[in-house]
> 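Dropping the structure in here first, questions after.
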Amino acid sequence: DQQVKQNSPSLSVQEGRISILNCDYTNSMFDYFLWYKKYPAEGPTFLISISSIKDKNEDGRFTVFLNKSAKHLSLHIVPSQPGDSAVYFCAAPGLSGNTPLVFGKGTRLSVIA
Amino acid sequence: DSGVTQTPKHLITATGQRVTLRCSPRSGDLSVYWYQQSLDQGLQFLIQYYNGEERAKGNILERFSAQQFPDLHSELNLSSLELGDSALYFCASSVQPGEGETQYFGPGTRLLVL
């Protein structure tokens, strides 16, 4: 059972435009979410997080929005840059006690110059 | 640079063999996590250690084992290797072991089993 889902395996966006990456979750007990970014041949890098007491968290060009009623979060990148091309993973703390973080399968973002 | 180091970067071996992957966490981090990423798969959590003790266990095969040493570095041992074990293996570390604690990942070890 996949508790964190990223239904779009890939996304292409023009440089300068907004990139919106989506993530859905099934467990309403999740109260903290993280986004990681991964370049080829490198490990995932922590990008931004959000607590369930907030509905928005912003860090420079990156903003994460949380809609608890829809069990949905999204990562907005504005403006998108070619260097943002990477795989983005959404993650949430595991609640079953046997996994500290549960990751989605990732969305590959390509920013076209 | 996350501060987490992993060696070796690449490993090629044959089926039936045994390998050891090594991880050094960020300075000050007490918790170490191991993940496997196979082709087209997300990150699968394998196992977590905190200050030398096993803390959580995920989808880790019985052929795999890990430990964390007093200096906090960790090793992941993979034995009786099969073709399907070919994957990227990541180590991550965090200060505390709590759920949701931000984890910092190493660059990974790419294992190819022939």
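So that the names make sense, note that chain A is the first sequence line, chain B the second, and so on, each numbered from 1. Quick caveat, the model's predicted, so the values are computed rather than measured.
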> A:I20 and A:I50: same hydrophobic cluster, using ILVMFWY side-chain contacts below 4.5 Å?
no
> Less than 6.0 angstrom separating the ring centers of B:Y33 and B:F105, yes or no?
no
> Considering only heavy atoms, which portion of A:A91 lies under 4.5 Å from any heavy atom of chain B: side chain, backbone, both, or neither?
neither
> Report which part of A:Y36 has an atom under 4.5 Å of a heavy atom belonging to chain B: side chain, backbone, both, or neither.
side chain
> B:Q6 versus chain A, heavy atoms under 4.5 Å apart: side chain, backbone, both or neither?
neither
> Only one of A:T107, A:L66, A:L73 passes side-chain contact (heavy atoms from CB on, under 4.5 Å) with A:C23; say which it is.
A:L73
> Transitively linked via ILVMFWY side-chain contacts under 4.5 Å: A:F103 with A:F46?
yes
